[in-house]
Amino acid sequence: MEISLRKLWVISILIIQQFAFLVDASHSRKKIVPALYVFGDSTVDAGNNNNLKTLAKANKFPYGIDFNNCSTGRFSNGKTIADIIAIRLGLPMPPPYLGVPKSQRHQVVTGLNYASGSCGILNSTRSGDCLSLDKQIEYFTLSVDNDLPRSIHSKTKLRHYLANSIYLLSIGSNDYMLNYFKYPNETNNKLNPEKYADYLLEQLTSRIKRIYDLGARKFVVSRIGQIGCTPTVSIRTPYSQKCNEDMNQKVKPYSDKLPGKLQELQTQLPHSLFVNLDNYNFAHKIRNSPEKFGKRLTLIS
Ligand SMILES: *[C@@H]1O[C@H](CO)[C@@H](O)[C@H](O)[C@H]1NC(C)=O
Ligand SMILES: *[C@@H]1O[C@H](CO)[C@@H](O)[C@H](O)[C@H]1NC(C)=O
Ligand SMILES: *[C@@H]1O[C@H](CO)[C@@H](O)[C@H](O)[C@H]1NC(C)=O
């Protein structure tokens with residue numbers, strides 16, 4: 001499949017159609033939790049960027065080729081990991097916040113998606129217009145304060161609803177791709193990879209605490225995948241198709257330190273639960289034995 005590599009600032013993972021075995025949508029399941037709320041970048045954006053002034057949009061063929069051949073704004077041929085998790089939880093795929101008209105947002109009580117391609121944990125990470133994690137949390141605050149109380153009238157019920165829902169964060173790649181690696185002379189980049197990972201994780205945890213303070217308790221947080229293996233990177237490395245291992249090694253401290261950081265948070269924040277999504281090693285497994293995951297699996301950018 002020929003895929004344009006012009007959009008170098010977004011990292012996306014093609015999720016193969018064969019993944020459908022994970023998600024049998026025809027057997028609609030009973031809801032396991034009330035809602036799934038999604039924060040992140042192009043790995044989970046479901047179309048927010050379609051509403052922003054940016055070139056980082058996935059609204060053209062062949063995006064969505066396995067999503068009823070419909071390009072929704074997902075940086076994927078099919079569903080994103082957020083969609084798959086939603087379906088497994090018996091929930092609808094959370095719609096993009098900016099794609100739901102303001103007057104209808106209060107009607108959506110099964111979760112929303114605030115993710116935005118080309119943004120990251122840091123405000124300074126961006127390419128064109130996008131929703132930084134701060135902005136995403138600002139929108140989530142509006143959902144909690146203004147929209148949800150219109151549908152869930154009792155304060156106690158709303159508290160239970162928020163505490164029982166799942167909060168997925170898939171973010172951080174762009175803080176390397178569009179920040180650390182892109183501006184080697186900026187303040188952040190004077191930090192070595194270990195220190196930069198510590199800094200990013202500190203920034204991430206302060207934002208997770210804000211989501212917690214709004215009532216969230218159950219978090220799923222992703223590591224950062226093998227950025228050095230995305231075609232946008234590997235195509236520029238000698239012996240094309242090979243991963244840029246130097247880049248992978250520089251990003252790895254973040255993924256290595258994340259589980260400990262989440263464990264710390266779980267101890268600090270009463271009644272919280274943290275799960276880390278090990279997409280770093282998952283992507284590695286797929287690369288090593290793609291046949292187990294279907295022939296069409298490709299990592300693109
Ligand atoms: C999918 O959509 C593209 C672009 O709109 C179109 O050219 C193509 O024929 C479609 N494929 C199928 C199988 O409908
Ligand atoms: C990032 O931007 C938000 C507004 O969107 C602001 O509240 C926050 O203080 C900024 N953070 C930093 C570190 O500049
Ligand atoms: C960036 O840093 C390198 C080496 O650290 C230096 O040679 C170069 O002049 C710097 N570039 C700018 C634009 O400051």
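Every heavy atom of this structure was used, including side-chain atoms; hydrogens, water molecules and symmetry mates were not. Just so we're clear, the structure is a prediction, and the values are computed from it rather than from any experiment. In listed order, ligands and their atoms are each counted from 1.
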* Asked: Given Arg74 and Asp83, is the side-chain contact (heavy atoms from CB on, under 4.5 Å) satisfied, shown in steps?
  -> CA-CA 10 Å; Arg74 287 170 173 79; Asp83 300 322; 2.7 Å; yes

* Would you check if there is a donor-acceptor pair between the side chains of Asn49 and Ser116 at a distance under 3.5 Å? => yes

* Pair Lys261 + Glu202, salt bridge at N-O below 4.0 Å -> no

* To do: Over 60° means perpendicular and under 30° means parallel, so classify the ring planes of Phe219 and Phe274, tilted if in between.
  => parallel

* Asked: Is the shortest side-chain N to carboxylate O distance from Lys209 to Asp213 below 4.0 Å?
  -> no

* Asked: Do the ring planes of Tyr180 and Tyr176 sit parallel (below 30°), tilted (30 to 60°) or perpendicular (above 60°)?
  -> perpendicular

Anything under 3.5 Å between an N or O on ligand 1 and a protein N or O? List each pair with its distance, or write none.
| residue | atom | partner | partner atom | Å |
| --- | --- | --- | --- | --- |
| ligand 1 | 2 (O) | Asn69 | OD1 | 3.3 |
| ligand 1 | 2 (O) | Asn69 | ND2 | 2.4 |
| ligand 1 | 11 (N) | Asn69 | ND2 | 2.8 |
| ligand 1 | 14 (O) | Asn69 | ND2 | 3.2 |

